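See below for the structure under consideration.
Since the model is a prediction, treat every value here as computed from it, not as a measurement.
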Amino acid sequence: MAPAGLTGRAIVLLDGSASMEATDVAPSRFEAARREARGLIDGLGSSDEMTIILVDGSPRALTPLTANRADLYAALDQARTSLAPANWSAALSLAGALRTPSTNLVIIGDGANSDDLKAQAEPAQFRPVGGAGSNIAISTLALRQTVRGASALARVTNHGNQEATVLLSLRAGSINGAPTTLLDARDLKIAAGQSAQWTVNGIDPGVAFVRASIDRVTPAGSNVLPIDDEAWAVNAAPEPRRALLLSRGNRFLEQALGALPNLQVTRAISLPIDLAQPFDLIVVDGISATLPARSHALFVNPIADTPVFSLGAVFSATGFVDAAQHPTLLAVAWRSINVLDARRVAGPGWLLPVVNAQGGPLMLAGESPAAEGRIPEFERLAILPFDLRRSDLPLQIAFPVLIANTVAWLAPLRGLDVPISARPGEALALPAGATVVNPAGARQTVDARGYGSTELPGLYSYSLGAATGLFAVNFLDARESAIAPDPEVKARADGTATDTNGAQVQLAQREIWPFLAALALVALMVEWWIYQRGMPAWRRRSGSKSG
């Protein structure tokens with residue numbers, strides 16, 4: 001056996017999983033693996049060919065089989081690690097499709113979390129990188145609401161072989177991007193192979209998220225994988241909306257609005273002077289009021305003209321004609337509703353009839369189009385042009401449904417139906433048109449395929465119209481955080497020797513039978529030649545003796 005060398009064809013499987021970012025080998029295991037791969041490229045002969053397969057969650061060949069060293073070096077320089085676990089089964093299948101009986105298969109990696117490698121039967125060289133693999137990881141972070149405020153639970157796991165002390169800190173933040181606030185910090189002493197958890201109670205229930213971070217580990221060298229030292233938990237409770245009800249008293253409206261979750265209702269008979277914190281929705285019931293620009297408003301029984309619409313004559317031909325397909329009418333059966341009389345309403349083209357009766361609309365709704373240089377009086381507007389008490393609408397099951405639909409359309413929740421936590425690389429079903437800002441500050445507009453650019457761990461923000469929210473991408477993978485190399489994978493290598501310095505030297509099996517056959521042929525030819533040169537003299541000596 002000789003020190004490893006490659007001749008002919010070679011397939012190199014390069015481990016690109018998260019554990020390869022460990023720093024127990026300077027500057028990282030992955031850089032050490034790339035140095036090893038460069039050495040293999042350096043040793044290629046002029047007719048030798050190689051391809052490199054990067055093994056992460058989706059293994060792929062970085063180059064075809066090629067003898068061009070420049071292409072191999074360039075592909076190796078562009079290779080990056082992924083936070084997804086290495087899919088060795090797929091990588092070996094890909095290598096098998098390219099392999100011939102004389103192809104060398106070389107695996108460069110740390111041997112961590114490599115169960116598929118232990119099961120593979122094809123002969124291969126395994127070139128290990130990485131040391132013992134001591135690591136501390138945040139394995140759980142959860143945030144939930146309690147009667148005493150929000151509560152955060154953090155769990156930290158020691159994947160090393162010695163006790164360690166960890167300084168863990170918890171910080172809270174808001175959705176507006178302001179600096180986080182330190183909630184608490186604590187030293188956790190964690191035995192080898194064990195976990196410790198810590199709960200912080202009494203957190204402001206309005207926080208947008210909580211961030212946990214490992215700030216210090218003792219002894220030094222006990223934590224060599226930085227990627228699992230942070231985690232984020234997003235507050236699942238949506239931010240409440242604020243509604244202003246301008247009315248002299250309408251129990252039906254008050255009860256319907258008060259029953260809606262995450263809607264804080266303030267009742268008044270005139271517009272408050274202080275609107276430093278604008279309302280998400282204003283409901284005007286039988287009162288004359290001038291609302292602030294860009295309002296989202298519902299007018300019930302309007303009694304005065306506004307800059308946007310004007311009132312006409314009263315009509316009593318209120319028999320149902322038709323209803324439009326509109327979000328406010330979802331699951332509302334208007335045909336059974338009776339209205340005594342209503343007022344005709346004239347407005348701009350964007351204010352459309354939603355429910356039509358014989359004498360005119362019984363409900364109108366619309367969204368003001370954006371106009372450059374003009375601030376609209378209403379961004380969204382809905383009108384019920386009749387007195388609720390002159391109808392049986394409040395007595396119908398359709399009434400709370402109609403109010404809920406109308407509030408949801410006028411003042412949608414500031415979040416979308418998006419999971420608050422995702423794994424790296426996981427695609428999320430965000431609606432087309434939404435804007436997402438990743439932890440690095442890069443913006444992306446979501447298309448019909450959803451959002452899949454979740455490679456970076458951290459906090460992501462999204463927005464679509466008035467709806468805004470957060471979700472976290474966390475590297476909380478106990479298997480990948482356990483970065484100690486598997487000794488069984490090393491043991492399954494073709495062979496391992498030790499040099500005079502005690503360092504491992506991988507051995508390669510070379511095909512030497514052609515050389516042995518050539519030597520045997522040479523020996524046979526020499527013997528034949530000696531035999532042929534010696535035969536005539538032997539015969540002459542034999543003939544003289546017989547005479």
I'd like to know if [X] and [Y] make a salt bridge, using a cut-off of under 4.0 Å between side-chain N and carboxylate O.
X: Asp77; Y: Arg38; value: yes
X: Asp477; Y: Arg479; value: no
X: Glu21; Y: Arg29; value: no

Residue pair [X] / [Y], side-chain donor-acceptor N/O under 3.5 Å:
X: Thr328; Y: Asn405; answer: no
X: Thr454; Y: Glu426; answer: no
X: Thr140; Y: Arg155; answer: yes
X: Asp187; Y: Thr165; answer: no
X: Asn87; Y: Asp56; answer: no
X: Asn235; Y: Gln145; answer: yes
X: Glu455; Y: Ser82; answer: no

According to side-chain contact (heavy atoms from CB on, under 4.5 Å), who are the partners of Asn68, at least two apart in sequence or on a separate chain? Thr66, Ala70, Asp71

Which residues share a side-chain contact (heavy atoms from CB on, under 4.5 Å) with Leu94, sequence neighbours left out: Ile53

When you measure from the side chain of [X] to the backbone N and O of [Y], does any donor-acceptor pair fall under 3.5 Å?
X: Arg69; Y: Asp42; value: yes
X: Asn135; Y: Ile483; value: no
X: Arg127; Y: Gln125; value: no

For a side-chain hydrogen bond (donor to acceptor under 3.5 Å, both in side chains) with His296, tell me which candidate from Arg241, Arg380, Glu379 qualifies. Glu379

Show every ring pair (Phe, Tyr, Trp, His ring centres under 6.0 Å) that has at least one partner inside residues 419-460, sequence neighbours left out. Tyr460-Phe471

